[in-house]
Amino acid sequence: MLERWLRGVAESSLSSYIQGLGRTEDLRDLIPKGIRLEFPKKEGFGEISTPVAMHLAPILKQPPRKIAEALRSGVIRHPQLESVEIAGPGYVNFTFSREALLETLEQVLDHSSSLIVPADTRKKLLLEFVSANPTGPLHVGHGRGAAYGDALARILRSVGHDVETEYYINDAGNQMEMLGRSTCLAWRRLQREVPPEEEERFLKGGTPYKGDYIREIADFILKTEGLLSEQEMASALDPAGNEKDYLPKFTHISQSTIMGGIKEDLDRFGVSFDAFFSERTLHLEPAGSGSDAISTWIRRIGQASSSLQDEAVPDVYEADGAVWLRTTILGDDKDRVLLRSDGRLTYFAADIAYHAEKIQRGFDVMIDVWGADHHGYIPRMNAAIRTLSGLLGRVADLRIALVQLVNLIRDGRPVSMSTRGGEFVTLREVLDEVGVDATRFLYLTRSHDSSLDFDLNKARERSMDNPVYYVQYAHARVKSILRQAEARSILVPERWTLSDLESLVQPEERDLVRFLDRFSYILNEVPQSLEVHPVTEYLTDLAGRYHHYYFHHRILSQDPQDEKVMIGRIGLSIAVGRVLRSGLEILGVSAPDSM
RNA sequence: GCGCCUGUAGCUCAGUCGGAUAGAGCGAUAGACUUCGAAUCUAAAGGUCGGGGGUUCGAUUCCCUCCAGGCGCGCCA
C-alpha cells in the first residue's frame with residue numbers, strides 16, 4: 001500500500017525532472033520496467049530504497065546523485081515520509097513517518113477495508129491445472145500441481161482478477177482402450193489363470209496399467225456384473241471378437257471410477273475446479289478426411305473466422321498421408337502431426353481445439369500448469385497458439401508454468417517411484433500420513449520451477465523444518481492472547497483509531513507494521529511472476545517477526561497503568577493475526593485458533 | 001546428439017527481470033520456562049555463489065564455454 005503510493009509520487013517527481021531537462025519522453029519510455037523499489041534487509045538503508053537514479057543516469061546523461069537529489073526534493077514534502085536520504089553512488093532511501101505507518105495499521109484493522117490492494121486492471125484468466133490422465137489415481141507429482149494451481153487461482157482472485165479454473169480430462173485415445181483392457185484382464189484373473197499367450201494377444205503387445213487400483217476396479221466389476229460363462233469370457237477377451245460389447249464397458253467403468261477417486265482426492269485436498277473439460281467431446285467433430293478435414297475442423301472451432309472459409313489454413317500441410325502443422329517456425333525440432341494417416345486426430349490436434357475453444361471464450365490470458373516432463377511440448381503449443389491467433393483474428397496470450405518433480409524422501413532415502421509399474425505413492429497416502437495443511441504448505445515452499453524434496457518424516461514433525469506449524473502457531477498465539485484479554489475483561493476497541501495505536505513506539509513494532517504493509521505488494525507480484533512461494537516465505541517471515549516481538553515485549557501488561565500500551569499491542573497482534581489468516585487461506589491452509 | 005530445469009553455508013533452499021556488507025531454517029555449539037502458549041526465543045559459528053572466460057562503474061544475476069545432476073526428445077497421451 002505504501003509501496004504503491006511511493007511509486008506514484010516518485011514517478012511524478014522524476015517525470016517533472018525529466019521535463020525540466022527539456023526531454024519529451026515519458027518516464028515509461030526511458031525505463032520500461034518502471035521504478036525499481038527494494039526492501040533493504042539491512043538497517044540504515046531506509047524502509048524502501050530505489051536504485052532508479054543509477055538506472056536513469058546513463059540515459060539522461062546526468063550524474064546519478066543529481067537525479068537522486070531531484071527525486072528527493074520532489075517527494076520530501078509529503079508528510080508520509082519522515083526522511084529521504086541519498087546514499088552511496090545514488091541510492092534513494094525512504095523512511096516513512098510514524099503517522100503513515102500507523103495509518104496503514106489502522107487500515108489492516110478496519111474490517112470494512114480489504115487487506116489487499118487490487119491490481120490496476122482486472123483480467124479474465126483461465127487457469128488449467130492438474131489435468132491428470134484418468135488412468136490412475138493422483139500421485140504426489142499431481143499433488144504438487146494441484147496445490148500450486150489452486151493457490152495461484154486464489155492469489156490471482158485475491159488481487160481482483162476474474163479466474164476460471166479447469167481440469168482437462170484426457171479421456172480419448174489408445175490409453176483409454178488400454179485401461180479397459182487392463183481392468184478386463186484383471187477381472188479375468190479374478191476368475192481363472194490367464195495364460196501368457198492369451199494375455200499377450202489380448203493386450204496386442206501393449207503395456208497394461210498395473211497397481212492395486214486396477215485390481216480393485218476389476219473386483220468392483222466382478223461384484224456388480226457377476227461372472228460370465230467360459231464362452232462369454234472367451235468372446236469378451238478375444239481382441240477380434242466381442243470386444244465391441246465388453247471393452248467399452250470396462251473402459252467406461254474404469255474411467256468413471258478413477259475420475260471419481262481423483263475428484264474425491266481433490267475435494268479432500270481443498271482443490272476445486274470450475275469445470276472439467278472432456279477431450280472426447282472434441283473428437284466428435286468433424287468428419288471428413290485428409291487435409292481438408294483438418295482445415296474444416298480447425299475452422300469449425302474458429303467459427304469467428306468466416307472470412308477464411310475457403311482458404312487453406314496457414315502452416316498446415318499434407319505429407320506422407322498425414323496432416324501436419326509447421327511447428328518448426330517457432331523452434332520446434334520437427335513439424336507435428338495433426339491428423340494421422342488412418343484418419344484419426346492426434347492428442348495435439350485435440351489440444352489445439354481445446355485452446356481454440358478457450359480463446360473463443362474470451363480470456364485475456366490462458367495459464368497452463370504442466371508437469372515438467374511436458375516441457376518438450378511447449379514449442380509446438382506456442383506454434384499452435386500463433387496459428388490459432390491468425391485464424392481466430394485475435395492475439396491469444398498463453399503462459400505455461402512447468403511444475404518440476406517431487407522427490408519423496410523417507411528415512412533419509414528417496415522413495416522409488418515408477419508410474420508404469422504401478423509403484424507410486426498416491427496423494428491420498430501422503431494426505432493420510434501428513435495431513436492436508438502440511439502437504440499443501442510444503443508443496444508451496446519452493447519455486448514450482450525447482451524440483452522439490454518432500455521429506456515425509458519431517459513433514460510429520462512439528463519443527464521449524466516444517467514451517468506450516470510455525471506459521472499456524474503464530475496465529476494461534478495471537479488468538480490465545482485475545483482469549484486472555486477477554487478473560488481479563490480488557491476493553492478492545494471495535495473500531496480502531498490512530499489514538500489507540502499511538503503507543504506503538506518500539507523498533508520491533510515499527511518493523512512489524514511496515515512488514516504487514518508488504519503483504520499486498522507480495523500478492524500483487526504473483527500475476528507477473530506466477531511464483532507462489534514468495535507468499536509462503538512472507539508468512540513464515542511474518543510469523544518469525546511476531547514470535548520475536550512476543551518474546552521481547554509483553555503484550556498483556558500486569559500493570560493497569562500501561563493500558564494504553566497494552567491496547568496498542570493488542571491492535572498490532574490482531575493485525576498480524578488477520579494477515580496470517582488471510583495469507584494461509586490464500587494458500588488453502590487452515591489457520592487454527594488453537595493447536 | 002539436441003532441448004528444458006537445476007548447481008549458493010554440513011543439509012534443504014531464498015536472493016525482488018545488473019546494485020549497498022549474499023540471507024533464512026535445519027543440524028552442530030552455548031544459553032532462556034515462578035510471568036501473555038518453549039510447536040517459541042537469544043547468541044556466536046558456518047560462503048572461491050559448480051570451474052573458467054567475457055560484457056559493465058558494478059555480476060549470484062546477462063553472454064560464451066566446460067563440468068555435474070534431473071527431465072524430455074512418437075502418426076503415444
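Quick note: numbers below take in every heavy atom, side chains included, and nothing from hydrogens, waters or symmetry partners.
G7(B) and U60(B) have their C1' atoms separated by 12 Å, with the value rounded to a whole Å. Rounded to the nearest Å, the gap between the C1' atom of A22(B) and that of U34(B) is 44 Å. Comparing the C1' positions of G15(B) and U61(B) gives an interatomic distance of 9 Å, to the nearest angstrom. One P atom belongs to A43(B), the other to C26(B), and the distance between them is 13 Å to the nearest Å. Nucleotides G53(B) and G70(B), compared at atom C1', are 27 Å apart to the nearest Å. With both ends at atom C1', the span from U29(B) to A44(B) equals 8 Å, rounded to whole Å. Separation of the C1' atoms belonging to C63(B) and G18(B) is 13 Å when rounded to the nearest angstrom. Separation of the C1' atoms belonging to G50(B) and C5(B) is 16 Å when rounded to the nearest angstrom.
For RNA chain B, if you chain together Watson-Crick or G-U pairs that step i with j, i+1 with j-1 and so on, the runs of at least three with distances under 3.5 Å are B:1-7 with B:67-73, B:10-13 with B:23-26, B:29-32 with B:40-43, B:50-54 with B:62-66.
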Check against salt bridge (Lys or Arg N to Asp or Glu O under 4.0 Å), Asp593(A) and Arg477(A)
CA-CA 8 Å; Asp593(A) 289 351; Arg477(A) 175 167 262 173; over 6 Å; no

Assess the residue pair Glu433(A) and Arg410(A) against the criterion (salt bridge (Lys or Arg N to Asp or Glu O under 4.0 Å)); give the C-alpha distance rounded to whole Å, side-chain angles, the decisive distance to 0.1 Å, and a yes or no.
CA-CA 12 Å; Glu433(A) 192 169 335; Arg410(A) 188 193 292 282; 3.0 Å; yes

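Close to C36(B), at under 4.0 Å from its OP1 or OP2, lies no side-chain N or O of Arg488(A). Within the 4.0 Å cut-off from OP1 or OP2 of C73(B), not a single side-chain nitrogen or oxygen of Tyr377(A) is found. When the side-chain nitrogen and oxygen atoms of Lys334(A) are compared with OP1 and OP2 of G74(B), none of them lie within a distance under 4.0 Å. Side-chain nitrogen and oxygen atoms of Arg336(A) include none within less than 4.0 Å of the OP1 or OP2 phosphate oxygen of G74(B).
Of the inter-residue distances, the one linking Ile378(A) atom CD1 with Thr327(A) atom OG1 reads 13.5 Å to the nearest 0.5 angstrom. Summarising the geometry, atom CE belonging to Met566(A) is positioned 5.5 Å from atom CD belonging to Glu563(A); distances are rounded to the nearest 0.5 Å. Atom CG of Leu452(A) is separated from atom NE2 of His533(A) by 12.0 Å, given to the nearest 0.5 angstrom.
Between the side chains of Asn170(A) and Gln175(A), not a single donor N or O lies within less than 3.5 Å of an accepting N or O.
Using a 4.0 Å heavy-atom cutoff across all strands shown, Ser557(A) reaches no nucleic acid atom at all. Asp455(A) comes within 4.0 angstrom of no nucleic acid atom, judged by non-hydrogen atoms across all strands. Contact annotation for Ala172(A): backbone-only contact, meaning every heavy-atom pair under 4.0 Å involves sugar-phosphate atoms and none involves a base. Counting non-hydrogen atoms under 4.0 angstrom, His553(A) reaches a base of the nucleic acid.
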Please list, pair by pair, any protein nitrogen or oxygen found under 3.5 Å from a nitrogen or oxygen in nucleotides 32-35 of chain B.
| residue | atom | partner | partner atom | Å |
| --- | --- | --- | --- | --- |
| U35(B) | O2' | Arg554(A) | NH1 | 3.3 |
| U35(B) | O2' | Arg554(A) | NH2 | 3.0 |
| U35(B) | O2 | Arg554(A) | NH1 | 3.4 |

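Among the nucleotides A20(B), C36(B), G70(B), the one closest to any side-chain atom of Leu405(A) is G70(B). Of the candidates A77(B), G37(B), C71(B), C71(B) carries the atom nearest the Asp373(A) side chain, counting heavy atoms from C-beta on. The Asn93(A) side chain lies nearest to A20(B) when the options are A77(B), A20(B), G37(B). Nearest to the side chain of His547(A), among C41(B), C75(B), A77(B), sits C41(B). Closest approach to the Gln484(A) side chain among A39(B), C36(B), C75(B) is made by C36(B) (side chain taken as heavy atoms from C-beta onward).
Nearest-nucleotide positions on RNA chain B place Leu556(A) closer to the 5' end than the other of Leu556(A) and Gly376(A). With RNA chain B read from its 5' end, the first of the two nearest nucleotides for Gly88(A) and Ile481(A) is the one closest to Gly88(A).
Closest of all the heavy-atom pairs between Arg569(A) and Glu509(A) is NE-OE2, 3.0 Å. Considering every non-hydrogen atom in both Val406(A) and Val140(A), the closest pair reads CG2-O, 4.0 Å. Nearest heavy-atom pair, Val84(A) versus Val92(A), reported as atom, atom and distance to 0.1 Å: CG1-CG1, 3.5 Å. Residues Ile31(A) and Ile59(A) come closest through the heavy atom pair CG2-CD1, 4.2 Å.
Each of Phe551(A), Tyr550(A), Tyr549(A) was checked for a ring pair (Phe, Tyr, Trp, His ring centres under 6.0 Å) with His553(A), and the lone residue meeting it is Tyr549(A).
Under the 6.0 Å distance and 45° angle rule, Arg336(A) does not count as a cation-pi partner of Phe348(A). Both tests pass for Arg518(A) against the ring of Phe39(A): distance under 6.0 Å to the centre and angle within 45° of the axis.
If you measure from atom NE2 of His448(A) to atom P of C71(B), you get 19 Å, rounded to the nearest angstrom. Between the CD1 atom of Ile86(A) and the P atom of A20(B) there is a distance of 18 Å, given to the nearest Å. The separation between His374(A) atom NE2 and C76(B) atom C1' is 11 Å, rounded to whole Å. Residue Leu339(A) contributes atom CG, which lies 9 Å from atom C1' of C75(B) at whole-angstrom precision. What separates OH of Tyr470(A) from P of A24(B) is a distance of 12 Å, to the nearest Å. For Arg380(A) and C2(B), the CZ to C1' distance is 14 Å, given to the nearest whole Å. Computed from coordinates, the His55(A) NE2 to C62(B) P distance equals 15 Å when rounded to whole Å. Atom P of nucleotide C36(B) and atom CD1 of Ile570(A) are separated by 15 Å, given to the nearest angstrom.
Judged by atom type and distance alone, Ser341(A) reaches the base of C75(B) through a side-chain donor-acceptor pair under 3.5 Å. Residue side chain Ser49(A) reaches the base of A20(B) through a donor-acceptor N/O pair under 3.5 Å, judged by distance alone.
For C57(B), the base adopts the anti conformation, since its glycosidic angle falls more than 90 degrees from zero.
You cannot call Tyr473(A) stacked on the base of G37(B); the centres under 5.5 Å and planes under 30° rule is not satisfied.
Although no hydrogens or angles enter the test, the distance criterion places no donor-acceptor pair under 3.5 Å between the side chain of Asn133(A) and the main chain of Thr135(A).
A salt bridge links Arg4(A) with Asp120(A): the closest approach of a Lys/Arg side-chain nitrogen to an acidic carboxylate oxygen falls below 4.0 angstrom.
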Per-nucleotide protein contact along nucleotides 4-16 of chain B, 5' to 3', at a 4.0 Å heavy-atom cut-off (B base, S sugar-phosphate only, - neither), is BS------BSBSB

